[in-house]
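Take a look at the structure set out below.
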Amino acid sequence: MRACLTDQASCGCCLMQQQIHRMKMFFNTSLNELEKELMKTKTILNNVRASRSAFSVALTTESSLKCFGPFRDDKIITYKHTFINLGDGYNTDTGIFTVPRSGVYSLALTIYSDAGAPGNTLAACASLQVNGQVVAGPREKNMQDQEDSATIVMAIHLKAGDQVAVSLPIGCFLCDDNSNYNTFSGFLLYATD
(Lines give C-alpha, C1' and ligand atoms only; values in the text may rest on other atoms or scores of the structure.)
Protein backbone atom coordinates (compact mmCIF):
# COMPACT_ATOMS: atom_id res chain seq x y z
CA MET A 1 0.00 0.00 0.00
CA ARG A 2 3.00 2.33 0.47
CA ALA A 3 3.32 2.62 -3.27
CA CYS A 4 -0.30 3.83 -3.41
CA LEU A 5 0.56 6.75 -1.13
CA THR A 6 3.40 7.96 -3.29
CA ASP A 7 2.44 6.90 -6.78
CA GLN A 8 -1.12 7.10 -8.19
CA ALA A 9 -0.35 4.65 -11.00
CA SER A 10 0.69 1.87 -8.61
CA CYS A 11 -2.39 2.57 -6.45
CA GLY A 12 -4.73 1.58 -9.30
CA CYS A 13 -2.73 -1.60 -9.73
CA CYS A 14 -3.08 -2.47 -6.02
CA LEU A 15 -6.82 -1.86 -6.12
CA MET A 16 -7.15 -4.01 -9.21
CA GLN A 17 -5.18 -6.84 -7.57
CA GLN A 18 -7.42 -6.61 -4.51
CA GLN A 19 -10.53 -6.82 -6.74
CA ILE A 20 -9.07 -9.77 -8.64
CA HIS A 21 -8.33 -11.51 -5.34
CA ARG A 22 -11.92 -10.91 -4.11
CA MET A 23 -13.37 -12.18 -7.39
CA LYS A 24 -11.12 -15.26 -7.26
CA MET A 25 -12.33 -16.02 -3.72
CA PHE A 26 -15.98 -15.53 -4.78
CA PHE A 27 -15.63 -17.82 -7.82
CA ASN A 28 -13.76 -20.50 -5.83
CA THR A 29 -16.44 -20.45 -3.12
CA SER A 30 -19.19 -20.61 -5.77
CA LEU A 31 -17.43 -23.43 -7.60
CA ASN A 32 -17.04 -25.43 -4.36
CA GLU A 33 -20.78 -25.03 -3.61
CA LEU A 34 -21.70 -26.09 -7.15
CA GLU A 35 -19.42 -29.14 -6.91
CA LYS A 36 -21.11 -30.13 -3.60
CA GLU A 37 -24.57 -29.79 -5.21
CA LEU A 38 -23.41 -31.82 -8.21
CA MET A 39 -22.19 -34.61 -5.93
CA LYS A 40 -25.54 -34.63 -4.05
CA THR A 41 -27.43 -34.78 -7.35
CA LYS A 42 -25.24 -37.63 -8.64
CA THR A 43 -25.82 -39.57 -5.41
CA ILE A 44 -29.59 -39.10 -5.68
CA LEU A 45 -29.54 -40.12 -9.34
CA ASN A 46 -27.49 -43.24 -8.56
CA ASN A 47 -29.96 -44.16 -5.80
CA VAL A 48 -32.87 -43.74 -8.22
CA ARG A 49 -31.11 -45.85 -10.84
CA ALA A 50 -30.28 -48.52 -8.26
CA SER A 51 -33.89 -48.74 -7.10
CA ARG A 52 -35.47 -48.96 -10.56
CA SER A 53 -37.80 -51.89 -10.72
CA ALA A 54 -39.78 -53.16 -13.68
CA PHE A 55 -40.69 -56.59 -14.97
CA SER A 56 -42.83 -57.99 -17.74
CA VAL A 57 -43.17 -61.71 -18.33
CA ALA A 58 -45.26 -64.09 -20.44
CA LEU A 59 -46.38 -67.63 -19.83
CA THR A 60 -44.40 -69.41 -22.54
CA THR A 61 -42.41 -69.11 -25.74
CA GLU A 62 -43.79 -72.27 -27.39
CA SER A 63 -44.92 -71.92 -30.99
CA SER A 64 -48.08 -74.03 -30.62
CA LEU A 65 -50.93 -73.34 -28.21
CA LYS A 66 -50.38 -75.11 -24.89
CA CYS A 67 -52.72 -75.07 -21.88
CA PHE A 68 -51.63 -75.01 -18.23
CA GLY A 69 -53.97 -76.57 -15.69
CA PRO A 70 -56.42 -77.36 -14.41
CA PHE A 71 -54.75 -78.53 -11.20
CA ARG A 72 -56.15 -80.08 -7.99
CA ASP A 73 -54.76 -77.26 -5.87
CA ASP A 74 -54.12 -73.55 -6.36
CA LYS A 75 -50.76 -73.21 -8.06
CA ILE A 76 -48.40 -70.24 -8.48
CA ILE A 77 -47.92 -69.54 -12.18
CA THR A 78 -44.29 -69.43 -13.25
CA TYR A 79 -44.06 -67.20 -16.30
CA LYS A 80 -41.09 -68.39 -18.33
CA HIS A 81 -40.62 -65.75 -21.03
CA THR A 82 -39.03 -62.52 -19.75
CA PHE A 83 -39.40 -59.28 -21.70
CA ILE A 84 -37.71 -57.19 -19.00
CA ASN A 85 -36.62 -57.79 -15.42
CA LEU A 86 -35.01 -54.51 -14.38
CA GLY A 87 -33.72 -54.89 -10.84
CA ASP A 88 -34.07 -58.72 -10.98
CA GLY A 89 -37.14 -58.67 -8.73
CA TYR A 90 -39.04 -61.35 -10.68
CA ASN A 91 -37.89 -64.95 -10.21
CA THR A 92 -38.68 -67.18 -13.22
CA ASP A 93 -38.14 -70.32 -11.11
CA THR A 94 -40.71 -69.44 -8.44
CA GLY A 95 -43.03 -67.04 -10.31
CA ILE A 96 -42.69 -64.52 -7.48
CA PHE A 97 -41.84 -60.83 -7.71
CA THR A 98 -40.12 -59.70 -4.51
CA VAL A 99 -40.57 -55.97 -3.96
CA PRO A 100 -37.12 -54.35 -3.69
CA ARG A 101 -38.24 -50.95 -2.38
CA SER A 102 -41.37 -49.66 -0.67
CA GLY A 103 -43.54 -47.57 -2.95
CA VAL A 104 -46.53 -47.38 -5.23
CA TYR A 105 -46.39 -49.98 -7.99
CA SER A 106 -48.40 -50.50 -11.14
CA LEU A 107 -49.33 -54.15 -11.66
CA ALA A 108 -50.97 -55.62 -14.76
CA LEU A 109 -52.25 -59.13 -15.37
CA THR A 110 -53.71 -60.43 -18.63
CA ILE A 111 -55.14 -63.95 -18.90
CA TYR A 112 -56.42 -65.98 -21.84
CA SER A 113 -57.91 -69.44 -22.17
CA ASP A 114 -59.32 -71.59 -24.94
CA ALA A 115 -61.89 -74.33 -24.23
CA GLY A 116 -60.70 -76.23 -27.29
CA ALA A 117 -64.13 -76.64 -28.89
CA PRO A 118 -67.59 -75.09 -28.62
CA GLY A 119 -69.56 -76.59 -25.72
CA ASN A 120 -66.48 -77.45 -23.64
CA THR A 121 -66.17 -75.77 -20.28
CA LEU A 122 -64.12 -72.58 -20.37
CA ALA A 123 -62.32 -71.78 -17.13
CA ALA A 124 -60.13 -68.71 -17.60
CA CYS A 125 -59.20 -67.41 -14.18
CA ALA A 126 -56.25 -66.32 -12.08
CA SER A 127 -55.60 -64.55 -8.78
CA LEU A 128 -53.17 -61.69 -8.27
CA GLN A 129 -51.72 -62.13 -4.79
CA VAL A 130 -49.61 -60.08 -2.39
CA ASN A 131 -48.03 -62.14 0.39
CA GLY A 132 -50.46 -64.98 -0.35
CA GLN A 133 -53.57 -62.75 -0.12
CA VAL A 134 -55.73 -62.26 -3.21
CA VAL A 135 -55.95 -58.58 -4.23
CA ALA A 136 -57.63 -59.06 -7.62
CA GLY A 137 -58.63 -61.85 -9.93
CA PRO A 138 -60.47 -62.21 -13.19
CA ARG A 139 -62.69 -65.27 -13.42
CA GLU A 140 -64.64 -66.68 -16.35
CA LYS A 141 -66.24 -70.14 -16.15
CA ASN A 142 -68.94 -71.02 -18.65
CA MET A 143 -69.89 -73.19 -21.60
CA GLN A 144 -71.20 -70.35 -23.81
CA ASP A 145 -67.99 -69.42 -25.60
CA GLN A 146 -64.80 -71.14 -26.68
CA GLU A 147 -62.21 -68.56 -25.62
CA ASP A 148 -61.97 -65.63 -23.27
CA SER A 149 -59.49 -63.11 -21.91
CA ALA A 150 -59.36 -60.47 -19.20
CA THR A 151 -56.96 -57.80 -17.99
CA ILE A 152 -56.47 -56.16 -14.60
CA VAL A 153 -54.33 -53.05 -14.12
CA MET A 154 -53.97 -51.54 -10.67
CA ALA A 155 -51.83 -49.22 -8.58
CA ILE A 156 -50.97 -50.58 -5.15
CA HIS A 157 -48.72 -49.59 -2.26
CA LEU A 158 -46.20 -52.35 -1.54
CA LYS A 159 -43.50 -52.65 1.09
CA ALA A 160 -39.94 -53.83 0.55
CA GLY A 161 -39.90 -57.63 0.83
CA ASP A 162 -43.56 -58.11 -0.16
CA GLN A 163 -44.07 -61.01 -2.53
CA VAL A 164 -46.36 -60.64 -5.52
CA ALA A 165 -47.47 -63.64 -7.59
CA VAL A 166 -50.23 -64.93 -9.82
CA SER A 167 -52.05 -68.07 -8.74
CA LEU A 168 -54.06 -70.46 -10.90
CA PRO A 169 -57.13 -71.42 -8.84
CA ILE A 170 -58.45 -75.00 -8.69
CA GLY A 171 -60.20 -76.00 -11.91
CA CYS A 172 -58.89 -73.06 -13.98
CA PHE A 173 -56.59 -73.25 -16.97
CA LEU A 174 -54.74 -70.80 -19.21
CA CYS A 175 -53.62 -71.32 -22.79
CA ASP A 176 -50.73 -69.60 -24.49
CA ASP A 177 -48.16 -69.71 -27.25
CA ASN A 178 -45.48 -67.31 -28.47
CA SER A 179 -48.20 -64.70 -29.13
CA ASN A 180 -48.03 -64.03 -25.37
CA TYR A 181 -51.74 -63.94 -24.48
CA ASN A 182 -50.93 -64.36 -20.76
CA THR A 183 -48.70 -61.66 -19.30
CA PHE A 184 -47.79 -60.35 -15.86
CA SER A 185 -46.09 -56.95 -15.48
CA GLY A 186 -45.21 -54.46 -12.80
CA PHE A 187 -43.11 -51.40 -12.17
CA LEU A 188 -42.34 -48.88 -9.45
CA LEU A 189 -44.26 -45.65 -10.00
CA TYR A 190 -42.58 -43.87 -7.08
CA ALA A 191 -40.75 -44.83 -3.91
CA THR A 192 -42.17 -44.00 -0.49
CA ASP A 193 -39.08 -44.59 1.67
Side-chain angles (χ1 to χ4, degrees), residues 52-62 64-192:
R52 287 188 290 188
S53 179
F55 72 94
S56 187
V57 292
L59 199 53
T60 186
T61 57
E62 303 215 6
S64 60
L65 194 66
K66 179 180 177 184
C67 294
F68 298 87
F71 300 107
R72 292 177 182 236
D73 296 314
D74 289 2
K75 182 175 177 162
I76 299 293
I77 299 171
T78 54
Y79 295 84
K80 294 299 183 182
H81 178 65
T82 304
F83 297 107
I84 187 171
N85 192 9
L86 190 60
D88 296 321
Y90 181 80
N91 184 324
T92 55
D93 294 327
T94 64
I96 296 172
F97 169 66
T98 302
V99 176
R101 186 171 187 182
S102 297
V104 175
Y105 285 77
S106 174
L107 299 174
L109 170 64
T110 297
I111 63 167
Y112 167 82
S113 191
D114 187 332
N120 287 349
T121 301
L122 176 70
C125 34
S127 298
L128 182 60
Q129 300 180 348
V130 176
N131 298 325
Q133 301 298 311
V134 176
V135 293
R139 179 173 295 276
E140 179 71 30
K141 284 189 177 185
N142 66 58
M143 295 179 75
Q144 285 80 36
D145 54 358
Q146 183 177 332
E147 57 185 359
D148 221 330
S149 65
T151 297
I152 294 172
V153 178
M154 63 187 303
I156 186 170
H157 186 266
L158 299 170
K159 294 179 183 152
D162 282 349
Q163 295 192 329
V164 182
V166 178
S167 175
L168 189 65
I170 297 169
C172 297
F173 60 96
L174 302 176
C175 302
D176 209 353
D177 60 22
N178 58 7
S179 294
N180 304 310
Y181 302 121
N182 291 275
T183 58
F184 177 36
S185 303
F187 59 91
L188 177 64
L189 290 169
Y190 63 88
T192 56

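Considering only residues two or more places apart in sequence or on other chains, Tyr90 meets the ring-ring contact (aromatic ring centres under 6.0 Å, His included) condition with Phe55. With sequence neighbours left out, Ser149 forms a side-chain hydrogen bond (donor to acceptor under 3.5 Å, both in side chains) with no residue at all. Among residues two or more places apart in sequence or in another chain, the side-chain contact (heavy atoms from CB on, under 4.5 Å) test is passed with Val134 by Ser127, Gln129. Partners of Thr60 under the side-chain hydrogen bond (donor to acceptor under 3.5 Å, both in side chains) rule, at least two apart in sequence or in another chain, do not exist in this structure. Checked against ring-ring contact (aromatic ring centres under 6.0 Å, His included), Phe68 has no partners two or more places apart in sequence or in another chain. The side-chain hydrogen bond (donor to acceptor under 3.5 Å, both in side chains) check on Asp177 picks up Ser179, with sequence neighbours excluded. Annotation: side-chain contact (heavy atoms from CB on, under 4.5 Å) contacts of Leu189 (sequence neighbours excluded): Val104, Ser106, Ala155, Phe187. By the ring-ring contact (aromatic ring centres under 6.0 Å, His included) test, Tyr112 pairs with Tyr181, sequence neighbours left out. Applying the ring-ring contact (aromatic ring centres under 6.0 Å, His included) rule to Phe83 yields the partners His81; only residues at least two apart in sequence or on another chain are considered. Taking the side-chain contact (heavy atoms from CB on, under 4.5 Å) definition, one finds that Ala150 meets it with Ile111, Pro138, sequence neighbours left out.
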**Request:** Take Tyr79 and Val166 through the side-chain contact (heavy atoms from CB on, under 4.5 Å) test and state the conclusion after the steps.
**Result:** CA-CA 9 Å; Tyr79 295 84; Val166 178; 3.6 Å; yes
**Evaluation steps, side-chain contact (heavy atoms from CB on, under 4.5 Å), between Leu174 and Leu168** = CA-CA 8 Å; Leu174 302 176; Leu168 189 65; 3.8 Å; yes
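Screening residues 69-81 for salt bridge (charged side-chain N to carboxylate O under 4.0 Å, His left out) gives no qualifying pairs among residues at least two apart or on separate chains. Note on residues 154-166: pairs passing side-chain hydrogen bond (donor to acceptor under 3.5 Å, both in side chains), not counting sequence neighbours, are Asn131-Asp162, His157-Thr192.
Using a distance-only test at 3.5 Å, with no hydrogens or angles considered, no donor-acceptor pair links the side chain of Asp148 to the main chain of Ser113. Put simply, the side chain of Asp176 gets close to the backbone of Asn182: a donor and an acceptor are under 3.5 Å apart. Checked by atom type and distance alone, the side chain of Thr151 never pairs as donor or acceptor with a backbone atom of Thr110 at under 3.5 Å.
Between Ile77 and Leu59, the closest side-chain pair of non-hydrogen atoms falls below 4.5 Å.
Contact detail for Ala165 and Ile76: the closest heavy-atom pair is CB-CD1, 3.9 Å. The shortest non-hydrogen separation linking Gly103 to Leu188 is CA-CD1, 4.0 Å. The nearest pair of heavy atoms linking Ala126 to Leu109 is CB-CD2, 4.2 Å. Across all non-hydrogen atoms, the minimal contact from Val153 to Ala108 is CG2-CB, 4.0 Å. Annotation for Tyr105 and Ser53: closest pair CE2-OG, 4.1 Å, computed over non-hydrogen atoms.
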